[in-house]
Amino acid sequence: MRYIFVDFEMNPIAKKYREERKHCGKEIIEIGAVMLDEDLKETSSFRKYVKPEYNSTVDNRYEDLTGIGIEMLAGADNFEKAFCEFMAWCGSDGYQIYAWSNSDKLQVEREMCLKGFEETEEVRYMFCNWIDFQKEFGEMISAERAVSLEDALNICGIAFSGKKHDALYDARNTSLLYAEAKTNNVAANIKEIKGRIGSEPMMTAIGDLFNFSELKF
């Protein structure tokens, strides 16, 4: 079994495309992913910029957030070609794919529908094996509301690596969180963390309260 962690950066569809925006408000402009083996070690990474089809610019807010300007996308492939390359990198089967929240999967589904992307067996396999790790992690720690990736890393005592809102770095940090949570069994030990913080909300930075390296399982 291989474990794939993916993240997308997106850009709004231009307002003049009113009908298109009803079905899909954004387009993917960057795909980032990392692959882990059965020992939860990174074996491969993937980064691909994607040229938008329904906007000739990158919205200022999104450019500031991601650092991606339209000039970086000028020679990039369109969504269908870029996503086919990503699926080829994933392989035809034998993997589970994880993203932080379900929004990335919904984006792919909507963008495929908008752009007439055929749903192949490979696409169906991907969707059937796509897991919302934000939800899974929240269930591990019995969180009452959605936890941000940064807060989840903090809970596990992991410093965010790289640039935030970079698809590859976000995917890699999600994979690091997954490996830590699975290896050190966060679910079994979160009661101790909660006991130490008492009534403090789960969003509080609490990574320094718990040293996973000292635990024995």
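Residues Leu176 and Phe137 do not share a hydrophobic cluster, clusters being chains of Ile/Leu/Val/Met/Phe/Trp/Tyr side chains in contact below 4.5 Å. Val34 and Met87 are not part of a single hydrophobic cluster, where members link through side-chain heavy atoms under 4.5 Å apart. When hydrophobic clusters are built by joining Ile, Leu, Val, Met, Phe, Trp and Tyr residues whose side-chain heavy atoms come closer than 4.5 Å, directly or via intermediates, Val123 is not grouped with Leu106. Leu114 and Phe117 fall into different hydrophobic clusters, where Ile, Leu, Val, Met, Phe, Trp and Tyr side chains are chained together by heavy-atom contacts under 4.5 Å. Linking Ile, Leu, Val, Met, Phe, Trp and Tyr residues whenever their side-chain heavy atoms come within less than 4.5 Å leaves Phe79 and Leu73 in two separate clusters.
The aromatic rings of Phe86 and Trp89 sit parallel to each other, their planes meeting at less than 30°, with 60° as the upper class boundary. Ring geometry, Trp130 versus Phe8: the interplanar angle falls from 30° to 60°, so the pair is classed tilted. Using cut-offs of 30° and 60° on the angle between ring planes, the pair Tyr98 and Phe133 is perpendicular.
Residues Asn78 and Lys51 have side chains not in contact (no heavy-atom distance under 4.5 Å, counting atoms from C-beta outward). With contacts defined as side-chain heavy-atom distances shorter than 4.5 Å, the pair His23/Cys113 does not qualify. Within the 4.5 Å cutoff, the side chain of Ile28 has heavy atoms near those of the Gln107 side chain. With a 4.5 Å cut-off on side-chain heavy atoms, Cys156 and Leu177 count as touching. Annotation: side chain of Glu119 is in contact with side chain of Arg124 (closest heavy-atom distance under 4.5 Å). Side-chain contact check for Glu63 versus Asp59: every heavy-atom pair is 4.5 Å or farther apart. Taking 4.5 Å as the limit, every side-chain heavy atom of Glu122 sits out of range of all side-chain heavy atoms of Met126. Side-chain atoms of Met140 and Lys182, non-hydrogen and from C-beta on, do get closer than 4.5 Å to each other.
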Side chain to side chain contact (heavy atoms under 4.5 Å, CB included) between Asp170 and Glu9: does it pass, once the steps are laid out?
-> CA-CA 10 Å; Asp170 283 349; Glu9 297 303 329; 3.5 Å; yes
Verdict with supporting geometry, Tyr17 and Glu19, side chain to side chain donor-acceptor pair (under 3.5 Å) = CA-CA 6 Å; Tyr17 296 104; Glu19 288 303 312; over 6 Å; no
Just do the side chain to side chain contact (heavy atoms under 4.5 Å, CB included) check on Lys26 and Tyr62 with the steps written out, would you?
-> CA-CA 11 Å; Lys26 299 175 183 177; Tyr62 288 81; 3.2 Å; yes
Report the C-alpha distance between Glu30 and Lys48 in whole Å, list the side-chain angles of each, state the deciding distance to 0.1 Å, and finish with yes or no for side chain to side chain contact (heavy atoms under 4.5 Å, CB included).
-> CA-CA 6 Å; Glu30 183 186 22; Lys48 183 82 175 178; over 6 Å; no
Might you work through the side chain to side chain contact (heavy atoms under 4.5 Å, CB included) test for Met35 and Tyr95, ending with a clear yes or no?
-> CA-CA 9 Å; Met35 186 182 296; Tyr95 68 84; over 6 Å; no
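Remark: Ser44 OG to Ile4 CD1 distance equals 9.0 Å, nearest 0.5 Å. Here Met10 contributes atom CE and Ser103 contributes atom OG; the two are 5.5 Å apart, rounded to the nearest 0.5 Å. Separating the CH2 atom in Trp100 from the CG atom in Asn173 is a distance of 11.0 Å, to the nearest 0.5 Å. Ile131 contributes atom CD1, which lies 11.5 Å from atom CG of Asn102 (distance to the nearest 0.5 angstrom). In this structure, the separation between CZ on Arg21 and CD1 on Ile13 is 7.5 Å, given to the nearest 0.5 Å. For the atom pair CZ of Arg172 and CG of Leu168, the computed distance is 4.5 Å after rounding to the nearest 0.5 Å.
A donor-acceptor pair under 3.5 Å links the side-chain atoms of Asp132 to the main chain of Ser101, judged by distance alone. Side-chain N or O atoms of Thr66 include one that pairs as donor or acceptor with a backbone N or O of Ile68 at under 3.5 Å. The backbone N or O of Gly94 lies less than 3.5 Å from a partner atom in the side chain of Tyr125, making a donor-acceptor pair. With hydrogens and angles disregarded, no donor-acceptor distance shorter than 3.5 Å links the side chain of Arg2 to the backbone of Leu36. One N or O on the side chain of Asn55 and one on the backbone of Thr57 form a donor-acceptor pair closer than 3.5 Å. A donor-acceptor pair is defined here as one N or O able to donate and one able to accept, closer than 3.5 Å; no such pair exists between the side chain of Asp77 and the backbone of Lys81. Side-chain atoms of Gln134 come within 3.5 Å of backbone N or O of Val147 as a donor-acceptor pair.
Aromatic rings of Tyr178 and Tyr3 (six-membered ring for Trp) have centroids within the 6.0 Å cut-off, being under it.
Taking every heavy atom of both residues into account, Ala171 and Ala33 meet most closely at CB-CA, 3.9 Å. Annotation for Ile70 and Pro52: closest pair CD1-CG, 4.2 Å, computed over non-hydrogen atoms.
A donor atom on one side chain and an acceptor atom on the other are not found under 3.5 Å apart for Lys16 and Tyr54.
Other residues, nucleotides and ligands contribute at most 12 non-hydrogen atoms within 6.0 Å of the CD atom of Glu38.
In summary, Glu150 and Lys164 engage in a salt bridge, as defined by a charged side-chain N under 4.0 Å from a carboxylate O. Look at Asp166 and Arg47 and you find a salt bridge, because one of the NZ, NE, NH1 or NH2 atoms lies within 4.0 Å of a carboxylate O, short of that distance. A salt bridge links Lys115 with Glu27: at least one charged nitrogen is closer than 4.0 Å to a carboxylate oxygen.
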